[in-house]
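Heads up, the thing below is written out as structure tokens.
Every chain is numbered from 1 and lettered A, B, ... according to where its sequence line falls, protein lines coming before strand lines. Remember, it's a predicted structure, so these values are computed and weren't measured experimentally.
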2 protein chains.
Amino acid sequence: MKSERKIFADYLVKKNLRETPQRGMILDAFLKIEEHTTAEQLYDIVKKRDNTIGQATVYRVLKLICDAGLAREVDFGDGVMRYEHCYNHPHHDHLVCRSCGKTVEVVDLVIEELQKRVAESFGFELTDHEMYLYGICGNCRHKK
Amino acid sequence: MKSERKIFADYLVKKNLRETPQRGMILDAFLKIEEHTTAEQLYDIVKKRDNTIGQATVYRVLKLICDAGLAREVDFGDGVMRYEHCYNHPHHDHLVCRSCGKTVEVVDLVIEELQKRVAESFGFELTDHEMYLYGICGNCRHKK
DNA sequence: TTGCTTCTGATAATCATTATCATTTATGCG
DNA sequence: CGCATAAATGATAATGATTATCAGAAGCAA
């Protein structure tokens, strides 16, 4: 099983892109974070190690990381794009608490299968999907 | 069965808001459109009838129409908010063609039920959800 | 009418993201 | 090595949808 760093390096080679300290640093920082992250948050973290880095670079590298198959964009609809790990992290959807913002990753194979069938029944070939379940989590309900 | 205009008028009264020519005109224009509409598109239409109208007003009234329960926001993730009719138009999700942008409204009661169960299994009380199925429609597939 | 509140339109502000561009850095080749 | 070429970076400006602001207009109450 190849490491994320190796995959990224291979991706750069394949695309005739160069391995640079900034790219390495941003990838490392991203890999250390397990939660969903915004470009801004990642920028703040990386800046602590090297305050000459620009946020444009963070946006750029984040895009590369996605292309390399190591990250996935997640859009909770609040105007900020979030990124989550994608390697060895199979597809899933999100359950989001409307009150505290807590998120849980969920998968339901039956739902996935039904989605495919629904699409086919309209002549579509399903390529991907997004599903966000919004609700109130147990904690927040008990506080009231 | 109350008309959309009546519902909107009642909503305005309930909220101590006024019925104005602009609000009437924007609502009428919105009701005439059956497809998903952006604020920009609606603004263009309304401007033809009254070119003194401001786009800020269109945004404002669109928000009122949503609050009144006559419209719903739809986010296809391309950075522009769309609005669709909501009254006498039961809940549904969207199937979107990645190639031509065509959209189809879909509902699957089994999926809906499973979503509720998934949420409950994590202690969440489901309030709402978003589901977008992306694929390639029959037309686009045949063109290749 | 007079005062008061709400609405409106024009415009500026916002905010995440993207584009631009001059400078720096890396790489290949003679 | 040294030069030529290409890619990467950081600072900053631009973008584009949406929101806030604010002065003037319009509706309502007494």
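Between atom OH of residue A/Tyr43 and atom OH of residue A/Tyr59 there is a gap of 10.5 Å, rounded to the nearest 0.5 Å. Atom CD of A/Glu125 is separated from atom SG of B/Cys97 by 11.0 Å, given to the nearest 0.5 angstrom.
Near-neighbour residues of DNA chain C inside residues 69-84 of chain A, defined by a heavy atom below 4.0 Å, number-ordered: A/Gly79, A/Val80, A/Met81. Using a 4.0 Å cut-off on heavy atoms, the residues of residues 60-68 of chain A that approach DNA chain C are A/Arg60, A/Lys63, listed by number. Contacts of residues 27-57 of chain A with DNA chain C (heavy atom under 4.0 Å): A/Ala56.
If you take CG of B/Asn16 and P of D/dA29, they are 10 Å apart, rounded to a whole angstrom. Atom CZ in A/Arg23 sits about 15 Å away from atom P in C/dT25, given to the nearest Å. Distance CD1 (A/Ile26) to P (D/dT9): 7 Å, rounded to an integer number of Å. Whole-Å rounding puts the B/Leu17 CG to D/dG27 C1' distance at 13 Å. Across the protein-nucleic acid pair, A/Tyr59 atom OH and C/dA16 atom P stand 7 Å apart, rounded to whole Å. Between the CD atom of A/Gln22 and the C1' atom of D/dG10 there is a distance of 9 Å, given to the nearest Å. Counting to the nearest Å, the C1' atom of D/dA8 and the CG atom of A/Leu12 are 12 Å from each other.
Of all heavy-atom pairs between B/Arg98 and A/Thr127, the closest is CG-OG1, 4.0 Å. Counting all heavy atoms, side chain and backbone alike, B/Ile26 lies closest to B/Val58 at CD1-CA, 3.9 Å.
A donor-acceptor pair is defined here as one N or O able to donate and one able to accept, closer than 3.5 Å; no such pair exists between the side chain of B/Arg23 and the backbone of B/Val61. Between the side chain of B/Tyr83 and the backbone N or O of B/Lys63 there is no donor-acceptor pair closer than 3.5 Å.
Side-chain N/O atoms of B/His129 and B/Asp93 include a donor and acceptor closer than 3.5 Å.
The aromatic rings of A/Tyr11 and A/Phe8 lie parallel to each other, their planes meeting at an angle below 30°, with 60° marking the opposite boundary. Ring geometry for B/His85 versus B/Phe30: interplanar angle of 30 to 60°, hence tilted.
The one candidate from A/Glu105, A/Arg82, A/His36, A/Glu130 that meets the side-chain hydrogen bond (donor to acceptor under 3.5 Å, both in side chains) condition with A/His94 is A/His36.
In the hydrophobic clustering of this structure, B/Leu17 groups with B/Ile53; members are Ile, Leu, Val, Met, Phe, Trp, Tyr whose side-chain heavy atoms approach within less than 4.5 Å, directly or through other members.
Residue B/Arg18 places a side-chain atom within donor-acceptor reach of the base of C/dT5, judged by atom type and a 3.5 Å distance cut-off alone.
Checking the phosphate oxygens (OP1, OP2) of D/dT9, a side-chain nitrogen or oxygen of A/Thr20 falls inside 4.0 Å.
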